[in-house]
Amino acid sequence: MTDKNNQELWRWTESNWANPDINFKKAKYITAGIDVGSVSSQAVVMADGEMLAYGNMRTGSDSPNSARNALNFALKELGADESIINYCIGTGYGRVNVPMADRTLTEIACHARGANYIYGSEVRTVLDVGGQDIKAIKCDEKGKVSNFLMNDKCAAGTGRGMEVFSDLVGVSINEVGDRSLDVEKEPEPVSSTCVVYAKTEATGLLRAGWSTEQVLAAYCRAMAGRIFELIEKIGIEKGFAVTGGMAKNRGVMERLMPMVKLDFMKTKWDTQLAGAAGAALFGNALCKKGKGRKK
Amino acid sequence: MFANYGYKDASGDYFITIDTDKCDGCEDCVTACSLGIFEVLDEDPNDPMRDEPVAIVKNDKKKKLKYECNPCKPKDNVAPLPCVASCKNQAISHSW
């Protein structure tokens with residue numbers, strides 16, 4: 001077998017980071033947020049509500065280990081261990097299986113709060129396109145949710161669908177977006193939004209002689225349409241931010257933008273961190289409120 | 001906060017919306033619904049800073065509303081849905 005056949009094209013880059021400007025030993029509360037999603041796990045460590053370190057990894061088949069690995073990945077960069085953490089909140093699909101969590105919160109609350117931190121307080125509409133669900137959230141200037149809608153029943157329009165397509169056409173997940181924009185004429189979107197049927201349809205298109213770029217364009221366009229249907233339901237307000245891995249896919253985002261008719265907000269942070277960042281911030285808020293860990 | 005529980009699939013929209021600002025956690029909807037869709041929690045899982053109890057749609061039900069709520073689907077001249085009628089604060093609404 002050649003190397004190309006062995007490549008896992010859907011595999012995205014894992015990362016970790018620590019803030020060299022913060023001396024965590026002086027912090028009053030060090031809180032951690034761990035977001036164990038269906039595809040990726042993030043751990044964010046905050047010192048008094050400021051980003052101290054993070055780790056972003058792929059979720060394995062067992063949630064407790066994924067949570068622990070992500071946290072250790074973040075702490076490794078910091079050169080510390082779990083004992084520095086005053087309070088830890090678990091969120092995401094695997095939240096019931098985060099062994100070191102003091103409590104759990106739904107990803108809705110965490111994503112809104114996290115987007116508020118990552119993108120700034122102007123955020124009003126948060127769209128989270130995760131591994132296997134889409135969340136549309138409206139929030140106020142403090143990141144408090146005022147309206148939310150989540151579709152976690154169907155994988156259409158989610159990151160998992162994109163992984164399936166990257167594998168199908170043999171293009172690395174990091175290049176899918178750019179390659180899909182490399183078409184002369186925008187093709188019709190694939191008609192079915194169901195990942196399984198869309199893949200069948202795309203296989204047919206490839207056999208009919210469509211180029212890889214055209215097939216990717218057709219799928220990205222279908223995904224953008226599917227995502228838009230959902231956010232349209234709760235209404236779109238200025239201050240539009242996208243979180244989750246899909247925010248890194250230009251192919252979907254640039255097709256979504258004309259539908260939304262708003263500029264998307266930009267951030268220096270990794271968009272996948274929103275959930276974990278929100279959880280860590282709630283940890284800090286709860287500690288301040290005196291609802292922290294009982295000693 | 002408008003909490004929309006449910007989903008959208010190729011056959012339509014199936015959402016129950018609870019306005020948590022109006023909900024006082026009285027549990028009237030829990031008793032009114034013969035299918036056990038609702039439950040009242042002491043803390044809102046979607047708003048950790050809220051201290052009052054709140055009604056939510058049970059986790060194992062929210063992905064099956066199309067079927068779970070079947071007995072209460074609209075027919076001509078159907079009475080108000082039991083959950084909607086039971087809520088004195090008018091916090092519950094539906095997408096159907």
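Not measured: the values here are computed from a predicted model. A note on names: the letters A, B, ... follow the listed sequences, proteins ahead of strands, and every chain is numbered from 1.
- Contact of Ile89(A) with chain B is not made at all, since no heavy-atom distance falls under 4.5 Å.
- The existence of a salt bridge linking Lys28(A) and Asp48(A) is excluded, since no basic side-chain nitrogen approaches an acidic carboxylate oxygen closer than 4.0 Å.
- In terms of non-hydrogen atom pairs under 4.5 Å with chain B, the most contact-rich of Cys194(A), Ser146(A), Ala109(A) is Ser146(A).
- Annotation: maximal heavy-atom pairing with chain B below 4.5 Å, among Lys144(A), Lys233(A), Lys138(A), occurs at Lys233(A).
- Looking at Lys61(B) and Glu68(B), a side-chain N of the basic residue comes within less than 4.0 Å of a carboxylate O on the acidic one, giving a salt bridge.
- Only the side chain of Glu229(A) comes within contact range of chain B, with heavy atoms under 4.5 Å apart.
- Within 6.0 Å of CG in Asp42(B) there are 12 or fewer heavy atoms belonging to other residues, nucleotides or ligands.
- The residues Asp24(B) and Lys88(B) are annotated as salt-bridged, a charged nitrogen and a carboxylate oxygen being separated by less than 4.0 angstrom.
- Looking only at heavy-atom pairs under 4.5 Å with chain A, the residue among Asp44(B), Asn46(B), Thr20(B), Asp19(B) that has the most is Asn46(B).
- Under the 4.0 Å criterion applied to side-chain N and carboxylate O atoms, Asp102(A) and Lys291(A) are not assigned as salt-bridge partners.
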